[in-house]
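Following: one structure in structure tokens, then a few remarks.
Quantities reported herein were computed from a predicted structural model and do not represent experimental measurements. Numbering starts at 1 and runs along the sequence shown.
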Amino acid sequence: MKEYYADLHIHIGRTRSGKAVKITGAKTLTFSKVIQVASERKGLDLIGIIDCHSPEVIEEIEAGILDGEITEKDEGGLLYRNTTIIPGSEIEIYDQHCNGPIHVLAYFPTLEAMKNFSVWMSGYVKNITLSSQRIYCDGRTLQKIVKSLGGLFIPAHVFTPFKSLYGKGVRSSLAEVFDPELIDAIELGLSSDTEMVKDIKELESFVFVTNSDAHSLGKIAREYQKIRLKEPSFNELAKALQDKEGRKVSANYGLNPLLGKYHQTVCSGCLHQLLRDNEQCPECGNKTIIKGVSTRIEELSIPKMNGEKRRERPPYIHQVPLDFIPGLGPKSMEKLLKAFGTEMNILHEVTLEQLTEIVPEKLAHYIDSARKGELTFEVGGGGKYGKVKKNS
């Protein structure tokens, strides 16, 4: 058994011919660039690319297989160099049981299963070429189709105010929309962590995953997890999400929730931070708010009684992504990559002393503090990210 680094939520911005997939994604975020950056720059062992239902993306993967650049693994997944790709799809559900739209992630063991899902889904969405399309069937039907194709089903960024399970989708329980038995894990999202959600009882049975939801190449692996597996593959990932046979998520690495762009409740007009979600904005007088993740989690939480036990969770490490660090510009980043190979090496393997040999001492200490979760922040909210305080 070994430890592997995984980011399971990476978008495709454009196809190789330039057609949009994730409209809000960067034009440079093509399948070929994603796998190259994830493997060679980021140093990830396992990635989930969640726009693989798009026919042109499927064609690009098939071309990579024919060229010998990509190989299909016996245990599921696609191998590019030292990185295993899990093909997936992000889908929007808004059926008669939902209060608002919900984004979910579906992953498949083989390209053939992904193709079959794409063909099926094309009959239920308006544009199969695009990412995160609304599907015109109910949530439980979608779950059953994913499972019939051997797939994994994970609700995405479940607390964000827009297009998420708890942010808009349900009043109080995921069972309002989904069959809990057909959910494989819960993706927490950028504005929450394990400690914040520990008192939401219906999540006790699920493994938590932390992923980047990358809309640009630089954002790949801003959140990720360390997973204990025999080898990086779809079948091993499925076991880890069930805590089976020694496979498991052994650590989550994510932003401090204060950095998340929906952490705090804010005025929808001027983004002034509010202490209560029923408060009129003292700055502009607006009465419309964007409810923060922290507020929504408080609504769903039930403090445990004396003696009541909670599921033991892996450590959640508040790690600041390298591109958040003040003073770490492109030139310094390239020096570090030239010296140490990948961002995973910089974040996990390199000593402070080794860092100071490559970059100025102040910057090296910033990086080291970021790795240890010792930086201080300005809080994010309303779609605006928090930021690292320069005087920390």
Side-chain angles (χ1 to χ4, degrees), residues 9 24 90 92-93 98-105 132 154-174 176-177 183 185-204 206-215 219 222-225 252-279 281 288-303 313 316-321 324 373 376-388:
H9 191 156
T24 55
E90 183 171 47
E92 182 174 302
I93 296 169
C98 300
N99 294 319
I102 301 170
H103 280 189
V104 299
L105 307 171
S132 311
I154 300 176
H157 44 72
V158 295
F159 299 108
T160 54
F162 308 106
K163 299 184 178 182
S164 79
L165 177 63
Y166 294 112
K168 284 288 185 182
V170 300
R171 292 180 177 84
S172 59
S173 172
L174 56 82
E176 295 167 28
V177 178
I183 292 175
I186 294 290
E187 183 185 70
L188 292 179
L190 301 182
S191 296
S192 62
D193 63 14
T194 303
E195 177 63 22
M196 287 177 65
V197 306
K198 69 180 186 301
D199 289 331
I200 301 178
K201 288 190 174 182
E202 73 171 357
L203 297 184
E204 278 285 288
F206 300 109
V207 166
F208 294 153
V209 292
T210 42
N211 301 309
S212 68
D213 193 1
H215 285 49
K219 293 296 189 289
R222 64 178 165 182
E223 294 203 340
Y224 56 97
Q225 47 265 305
N252 296 101
Y253 294 88
L255 296 173
N256 186 305
L258 299 180
L259 284 171
K261 64 181 181 178
Y262 296 113
H263 181 75
Q264 186 72 31
T265 295
V266 299
C267 166
S268 65
C270 68
L271 301 186
H272 179 74
Q273 293 182 3
L274 306 174
L275 296 177
R276 296 174 297 278
D277 64 4
N278 60 352
E279 183 178 355
C281 179
T288 306
I289 60 99
I290 299 173
K291 184 179 291 186
V293 167
S294 57
T295 302
R296 182 60 174 136
I297 289 173
E298 287 178 9
E299 293 174 352
L300 295 164
S301 296
I302 302 173
R313 298 282 183 185
Y316 192 108
I317 297 161
H318 288 155
Q319 184 172 271
V320 176
F324 271 76
T376 55
F377 313 100
E378 295 177 15
V379 180
K384 182 179 179 182
Y385 286 108
K387 60 183 179 180
V388 177

Starting at OH of Tyr316, measure out to CD of Gln225 and round the result to the nearest 0.5 Å. 9.5 Å
For residues Cys267 and Leu274, report the shortest heavy-atom separation together with the two atoms involved. N-CD1, 3.8 Å
Taking the side chain as everything from C-beta on, heavy atoms only, tell me whether Glu90 gets closer than 4.5 Å to His9. yes
Is there a side-chain contact between His318 and Glu195, using heavy atoms and a 4.5 Å cut-off? no
Quick one: side chain to side chain donor-acceptor pair (under 3.5 Å) partners of Thr288, sequence neighbours excluded? none
Residues in side-chain contact (heavy atoms from CB on, under 4.5 Å) contact with Thr160, at least two apart in sequence or another chain: His157, Ser164, Tyr262
Phe206 and Leu174: which non-hydrogen atoms are nearest, and at how many Å? CE1-CD2, 3.9 Å
Student check: side-chain heavy atoms of Ser192 and Ile297 closer than 4.5 Å: yes
Given salt bridge (Lys or Arg N to Asp or Glu O under 4.0 Å), test Lys201 with Glu204 step by step and report yes or no. CA-CA 5 Å; Lys201 288 190 174 182; Glu204 278 285 288; over 6 Å; no
Provide the closest heavy-atom pair for Val177 versus Val170 in the form atom of the first, atom of the second, distance. CG2-CG1, 3.5 Å
Value rounded to 0.5 Å, distance of OH in Tyr166 from CD1 in Ile102: 10.0 Å
Is there a donor-acceptor contact under 3.5 Å linking the side chains of Ser132 and Glu92? no
Cys98 vs Lys168 side-chain heavy atoms within contact, under 4.5 Å: no
Does the side chain of Asn256 reach to within under 4.5 Å of the side chain of Val320, using non-hydrogen atoms? no
Gln264 and Ser294: which non-hydrogen atoms are nearest, and at how many Å? CA-OG, 4.4 Å
Output all residues satisfying side chain to side chain donor-acceptor pair (under 3.5 Å) with Gln273, sequence neighbours left out; order by chain, then residue number. none
CG on Leu188 to CE on Met196, rounded to 0.5 Å: 9.5 Å
Taking every heavy atom of Lys291 against every heavy atom of Pro161, the minimum-distance pair comes out as O-CG, 3.3 Å
